[in-house]
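Read through the structure below, which is laid out as structure tokens, and then see the notes.
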Amino acid sequence: MAQWDEKSVAEELLACEAERRDREPFTDEWPELDVDTAYRIQDANLEKRLARGEKLIGVKLGLTSEAKQKRMGVYAPFVAWLTDDMVMEIGAPVPQAKLIHPRIEPEIVFIMKDRLEGPGVTRESAMAAVGSIRGGAEVIDSRYRNFRFKAGDVIADNASSGAFVMGDEDFAVEDVDLLAEKVEVHSDGELQHTGTGEDVQGHPGEALALAANDLARRGLAIEPGMIVLTGGITDAVFSPPNSRTEVKFSTLGEFTIDGGDEPAN
Ligand code: 0L1
Ligand code: MG
């Protein structure tokens, strides 16, 4: 049985990502991999991403909806990092050559105008710091075989980060009814999932507050200009090569994500 520690788990996760290799969860062999340890691993790998030239551009939440929690069997939300390397332009295909088994989920996205620092952030104070709202979709990609993991595994793995796309229209906070905002996800023309903003922690602003309060435990804050993905509203759909996913929001726009070509290796 392998003897894991923070350093070796961090290295193995980045190696899996670079080699497009999945693996069994570390908690099978290291059950002590708890949430606090996992965040230290996540932060260590963020440092490595920045050292190799990536830029920190935002924060993402994971498992903020019941649909996602049930599917993944993990019943607590968490926070992870977004870098510029994860940005997908609208119309670009899923980068299959970088990913292991991409899945797509719809997200409500906040662009921050003010710094948001916990503890004590409420939905109201969180929303007051938001500059604009966009529709978006995250292309998640777990380094764990069949997306099987416990909280410690997935937090260490930067919450299954892969890529994300955002609509190009900014909506003012007062122009969007976030609770009622509806989304449909279609795969190859067939409706798979529907949800509303209310499915995200009761209100996406609650998810934003949660992120700020959670980051405060690590002495961190959400900075002006940052992008915040508030978490998958619905379960995710697989996005294999040659597939087509459509994400249709009621007011935040619609976009089609092409599954792209089969990767060369
Ligand atoms: O692999 C996963 O589903 C964990 C990340 C969750 C991302 C999200 O809920 O937005
Ligand atoms: Mg997500």
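Whatever order the structure lists them in is the order used to number ligands and atoms, beginning at 1.
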Axial cation check for Phe147 ring with Arg143, 6.0 Å and 45° limits: no

Region of Leu61 engaging ligand 1 - heavy atom pairs below 4.0 Å: backbone

Atom indices of ligand 1 within 4.0 angstrom of Phe147 heavy atoms, with elements: 1 (O)

Lys/Arg-Asp/Glu bridge criterion (N-O < 4.0 Å) met for Glu17, Arg49: yes

For ligand 1, the portion of Arg103 having any non-hydrogen atom under 4.0 Å away: neither

Residue that, paired with Gln42, satisfies side chain to side chain contact (heavy atoms under 4.5 Å, CB included) out of Ile155, Val154, Asp157: Ile155

For Phe149, the ligand 1 atoms whose distance to one of its heavy atoms is below 4.0 Å: 1 (O), 2 (C), 4 (C)

Ligand 1 atoms in contact with Gly232 (distance to a heavy atom under 4.0 Å): 8 (C), 9 (O), 10 (O)

Pair Arg244 + Glu246, salt bridge at N-O below 4.0 Å: yes

Electrostatic pair Glu105-Arg71, nearest N-O below 4.0 angstrom: no

Electrostatic pair Glu24-Arg148, nearest N-O below 4.0 angstrom: yes

Test item: Asp258 side-chain N/O and Gly260 main-chain N/O as donor-acceptor pair under 3.5 Å: yes

Atoms in ligand 1 with a heavy atom of Met72 nearer than 4.0 Å: 3 (O)

Spatial distance of atom CZ (Arg23) from atom CG (Asp153) [nearest 0.5 Å]: 9.0 Å

Whether Phe255 and Phe249 hold their rings parallel, tilted or perpendicular, with breakpoints at 30° and 60°: tilted

Single hit among Val228, Ile227, Val130 for side chain to side chain contact (heavy atoms under 4.5 Å, CB included) with Ile111: Ile227

Nearest neighbour in protein (non-hydrogen) for atom 5 (C) of ligand 1: Ala159 O, 3.4 Å

Nearest-contact summary for atom 1 (O) of ligand 1 - protein heavy atom, Å: Ser160 OG, 2.6 Å

Atoms in ligand 1 with a heavy atom of Lys68 nearer than 4.0 Å: 2 (C), 3 (O), 6 (C), 8 (C), 9 (O)

Which of the ligand 1 atoms, numbered from 1, are nearer than 4.0 Å to a heavy atom of Glu107: 10 (O)

Closest contact, heavy atoms only, Thr64 versus Pro77: CG2-CB, 4.0 Å

Ligand 1 contacted by Gly231 (non-hydrogen, < 4.0 Å): yes

Proximal ligand 1 atoms for Leu63, defined as those under 4.0 Å from one of its heavy atoms: 6 (C), 8 (C), 9 (O)

Closest protein heavy atom to atom 7 (C) of ligand 1, given as residue, atom name and distance to 0.1 Å: Glu105 OE2, 3.2 Å

Residues Arg115, Glu223: salt bridge by 4.0 Å N-O rule: yes

Those atoms of ligand 1 less than 4.0 Å from some heavy atom in Ile140: 1 (O), 2 (C), 3 (O)

Ser65 side chain to Gly232 backbone, donor-acceptor under 3.5 Å: yes

Residue and atom names of protein N/O/S atoms that fall under 2.8 Å from the Mg ion (ligand 2): Glu105 OE2, Glu107 OE2, Glu138 OE1

